[in-house]
Asker: 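Pasting in a structure now, in structure tokens, and then I'll have a few things to ask.
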Amino acid sequence: MTNGETEKRLWDIADNLRANSKLSSAEYSTPVLGLVFLRHADFKFTKKQKELEGKRQGSRRQVGKLDYQAEGVLYLPEKARYSYLLGLSEGSDIGQAIDSAMDSIEEANPDLKGTLPRGYSKFTNDLLVTLLKAFSPDKLAVTEGDAFGKIYEYFLGKFAMKEGQKGGEFFTPTSLVKLIVEVIEPFHGKLLDPACGSGGMFVQSAHFVEERKKNPSEELSIYGQERVTGTVKLCKMNLAVHGLSGDIREANTYYEDVHKVVGKFDFVMANPPFNVDRVDYEKVKGDARWPFGLPSTDNANYLWIQLFYSALNEKGRAGFVMANSAADARGAEAEIRKKLIQQNAIDVMIAISGNFFYTVTLPCTLWFLDKNKAKTDRKGKILFIDARNIFKQIDRAHREFTPEQIDQIAGIVRSYRKENGAKKYKDVQGLCKITSFAEIEEQGWSLNPGRYVGVTEQKEDDYDFKEKLEEMNEELEELNEEAHKLEEQISENVNKLLENENV
């Protein structure tokens with residue numbers, strides 16, 4: 001059975017159990033992911049146990065907790081081991097036994113304190129027994145620990161799809177993350193995600209390093225920040241099942257700079273929340289993370305964009321997901337965008353079609369920054385790619401990139417950068433164009449790829465009316481908001497004039 005078939009089989013078991021219980025997907029997801037974590041920890045522990053005991057044969061000293069920790073393996077007390085939980089009688093309180101197992105793992109491994117899920121008693125014994133058996137060694141024969149990482153990733157994506165809007169808060173579609181990773185190329189250094197969700201950016205960066213025959217734990221230093229307590233726990237478990245560790249903090253990024261980020265990072269990756277309003281500008285005023293000033297509208301997009309820029313060191317690269325509206329935003333946002341362009345910070349812009357996210361159908365744009373660009377022959381230019389016609393349709397409502405499509409898009413960027421082994425770059429009508437600052441200024445400093453790459457001829461059948469309408473509607477909403485604020489300003493000014501006249 002292939003990995004993909006194994007993941008699907010396990011998901012079908014887990015999803016059928018949830019469907020036949022009284023639990024919502026949100027109630028069910030974290031405990032199930034906790035069992036994936038537990039099974040992974042047991043796999044690593046059992047493997048290392050055999051190895052250490054083999055080395056200690058004939059020695060009087062018994063293998064202990066410190067021996068495992070010295071090898072980078074979580075120590076599991078006896079009653080936290082998978083074989084013990086599987087062997088419990090049906091009359092036992094299995095939920096309580098799993099909660100106790102999580103307690104003892106955290107006690108033995110203080111780095112995990114407060115991370116692992118509890119509350120297994122809300123599950124019936126029958127459901128827990130079936131889940132435990134589904135992941136048991138005889139049902140899930142694996143040779144590599146990363147198999148559990150793949151299962152964890154697969155389950156995260158499926159739970160995100162089930163949970164709708166809430167799922168979008170912790171999960172970025174894997175193919176988008178892979179594209180960001182392929183473009184910024186995080187070979188080695190400090191990596192930050194200040195809106196890290198369940199840690200997908202870190203995991204895919206680690207895969208990128210592994211594919212190049214390096215050890216990600218030695219090559220990458222991981223730093224994350226996330227506002228939601230439960231999501232921080234998902235992230236820490238996700239790192240653990242992939243054999244990674246990092247400094248993941250719970251904090252509100254707008255108001256708390258827990259990692260003191262300015263000028264510190266080689267790579268920044270993120271999928272921040274779009275178009276957030278009601279950020280308290282009084283609290284963020286004067287923060288060095290916004291070097292070009294505060295936006296004039298009640299919209300946090302340009303706080304995030306500046307944060308990603310300011311966190312980079314002099315050679316740093318950033319890749320992040322952003323609402324399309326940010327590429328054409330007016331007012332103070334346009335001035336901030338102009339400054340970023342003139343600083344030669346913005347390197348590549350990629351337009352993505354709708355239906356990539358589980359929560360919204362709107363299209364988005366990937367932004368890529370490079371602080372070292374000014375020292376290359378790319379100075380004074382930006383590469384625009386319109387990838388809205390590149391995707392694989394998964395089902396009626398969802399799309400993704402295939403590995404070949406990711407390589408195609410990233411290959412255009414590698415050609416633009418003249419990387420070793422890359423093909424010679426050329427503009428392609430409707431797909432990609434290297435654009436000068438003079439051309440961008442003529443377009444009002446817009447960073448919308450569609451304005452520059454031109455259009456390809458499409459058959460009438462290929463025209464997605466719904467998608468185009470959604471794009472136009474998003475732009476209309478932005479314009480209406482600006483118009484409303486102008487009306488309020490005009491009304492306020494008129495009232496002041498009338499008051500002065502009456503004095």
Side-chain angles (χ1 to χ4, degrees), residues 183 274-275 292-293 295-297 299 301-306 308-309 318-354 362-370 373-374 376-390 409 412-413 415-417 425-458 463 467-483 485-486:
V183 172
F274 296 169
N275 303 320
F292 303 119
S296 57
T297 59
N299 185 311
N301 289 342
Y302 274 81
L303 292 180
W304 286 110
I305 292 168
Q306 289 187 81
F308 305 143
Y309 167 82
F320 53 91
V321 189
M322 186 49 61
N324 274 357
S325 54
D328 287 308
R330 295 169 173 78
E333 288 90 338
E335 282 302 310
I336 294 169
R337 189 169 64 249
K338 176 181 172 182
K339 289 173 185 174
L340 281 165
I341 294 168
Q342 292 177 329
Q343 288 283 332
N344 272 288
I346 298 169
D347 194 25
V348 182
M349 299 289 294
I350 304 178
I352 306 294
S353 78
L362 289 174
C364 65
T365 307
L366 303 184
W367 293 49
F368 295 93
L369 313 182
D370 189 338
K373 182 183 127 181
T376 72
D377 62 3
R378 306 194 309 278
K379 181 179 180 181
K381 304 167 189 170
I382 294 175
L383 171 64
F384 291 96
I385 299 175
D386 189 343
R388 287 177 296 177
N389 294 317
I390 302 173
I409 298 166
I412 296 170
V413 180
S415 296
Y416 159 66
R417 290 181 183 147
Y425 175 85
K426 65 175 183 178
D427 290 340
V428 177
Q429 177 81 8
L431 177 62
C432 58
K433 186 176 191 298
I434 296 175
T435 309
S436 69
F437 286 3
E439 293 173 86
I440 295 168
E441 184 177 8
E442 285 176 12
Q443 292 290 340
W445 303 102
S446 167
L447 289 175
N448 183 339
R451 288 180 180 246
Y452 304 101
V453 304
V455 294
T456 52
E457 285 187 25
Q458 284 185 307
Y463 186 83
E467 183 178 313
K468 297 295 180 190
L469 188 62
E470 284 170 341
E471 286 180 40
M472 289 188 286
N473 188 56
E474 182 185 20
E475 188 173 350
L476 181 61
E477 285 176 5
E478 288 279 320
L479 291 169
N480 284 339
E481 185 182 343
E482 286 183 32
K485 288 179 178 173
L486 280 172

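Atom set for the values below is all heavy atoms of this structure, side chains included, hydrogens, waters and symmetry mates excluded.
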Asker: Quick one, Phe384 and Asp386 - any side-chain contact, counting heavy atoms below 4.5 Å?
Answerer: no

Asker: Do side-chain atoms of Lys373 reach the backbone of Gln343 as a donor and acceptor pair under 3.5 angstrom?
Answerer: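 Not at all, since once roles are kept as given, no pair shorter than 3.5 Å links the two residues.
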
Asker: What are the two closest heavy atoms between Met349 and Pro449, and how far apart are they?
Answerer: O-CG, 3.9 Å

Asker: Mind checking what makes ring-ring contact (aromatic ring centres under 6.0 Å, His included) contact with Tyr302, not counting sequence neighbours?
Answerer: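 Partners of Tyr302 by the ring-ring contact (aromatic ring centres under 6.0 Å, His included) criterion come out as none, since no residue qualifies.
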
Asker: Can you tell me how far CZ of Arg451 sits from CD of Glu442, rounded to the nearest 0.5 angstrom?
Answerer: 12.0 Å

Asker: Could you state the interatomic distance from CD1 (Ile350) to CD1 (Ile390), rounded to the nearest 0.5 Å?
Answerer: 9.0 Å

Asker: Can you tell me if Gln306 uses its side chain to pair, donor with acceptor, with the backbone of Phe292 under 3.5 Å?
Answerer: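 Yes; judged by distance alone, with no hydrogens or angles, the pair exists.
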
Asker: Between Glu439 and Ile434, is there a side-chain heavy-atom distance shorter than 4.5 Å?
Answerer: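 Result no, sub-4.5 Å side-chain heavy-atom pair not found.
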
Asker: Hey, could you give me the CZ/OG1 distance between Arg388 and Thr365, rounded to the nearest 0.5 Å?
Answerer: 8.5 Å

Asker: Any side-chain heavy atom of Glu333 within less than 4.5 Å of one from Asn301?
Answerer: no

Asker: About how many Å separate CH2 of Trp367 and CZ of Phe308, when rounded to the nearest 0.5 Å?
Answerer: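 Spacing of CZ (Phe308) from CH2 (Trp367) equals 10.5 Å.
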
Asker: When rounded to the nearest 0.5 angstrom, what is the spacing between CG in Leu362 and CZ in Phe274?
Answerer: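 Reported to 0.5 Å precision, the distance equals 9.0 Å.
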
Asker: I'd like to check Ile385 versus Val453 (side-chain heavy atoms, cut-off strictly below 4.5 Å). Are they in contact?
Answerer: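 Result no, sub-4.5 Å side-chain heavy-atom pair not found.
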
Asker: Taking ring-ring contact (aromatic ring centres under 6.0 Å, His included) as the definition, give me every residue that meets it alongside Tyr416, ordered by chain and number, with sequence neighbours left out.
Answerer: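 With neighbours one apart ignored, the set is empty.
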
Asker: Would Gln443 and Thr435 count as a side chain to side chain contact (heavy atoms under 4.5 Å, CB included) if you check the C-alpha gap in whole Å, the side-chain angles of each, and the deciding distance to 0.1 Å?
Answerer: CA-CA 11 Å; Gln443 292 290 340; Thr435 309; over 6 Å; no

Asker: Please name all residues satisfying side-chain hydrogen bond (donor to acceptor under 3.5 Å, both in side chains) with Asn448, sequence neighbours left out, ordered by chain then number.
Answerer: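 With sequence neighbours excluded, Asn448 shows a side-chain hydrogen bond (donor to acceptor under 3.5 Å, both in side chains) to Asp328, given in chain and number order.
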
Asker: Just how far is it from atom CD1 of Ile341 to atom CD1 of Ile440, taken to the nearest 0.5 Å?
Answerer: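 One gets 5.5 Å once the value is rounded to the nearest 0.5 Å.
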
Asker: Does the Arg378 side chain pair with the main chain of Asp347, one donor and one acceptor, at a distance under 3.5 Å?
Answerer: no

Asker: For the pair Trp445 and Phe437, name the ring-plane relationship: parallel under 30°, tilted 30 to 60°, perpendicular over 60°.
Answerer: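 Because their plane-to-plane angle is over 60°, the rings of Trp445 and Phe437 count as perpendicular.
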
Asker: Specify the closest pair of heavy atoms between Gly319 and Phe368, including all atoms of both residues, with the distance to one decimal.
Answerer: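 Gly319 and Phe368 have their closest heavy atoms at CA-CD2, 3.7 Å.
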
Asker: Could you check whether any side-chain heavy atom of Leu383 comes within less than 4.5 Å of a side-chain heavy atom of Tyr425, counting everything from C-beta outward?
Answerer: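 Yes, close enough: below the 4.5 Å cut-off.
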
Asker: May I ask you to decide if Gly380's main-chain N or O and Asn344's side chain share a donor-acceptor pair within less than 3.5 Å?
Answerer: yes

Asker: Under a 4.5 Å cut-off applied to non-hydrogen side-chain atoms, are Ile412 and Leu431 in contact?
Answerer: yes

Asker: Indicate the atoms forming the closest heavy-atom contact of Cys364 with Asn324, along with that distance.
Answerer: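 Minimum heavy-atom separation between Cys364 and Asn324: C-OD1, 3.0 Å.
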
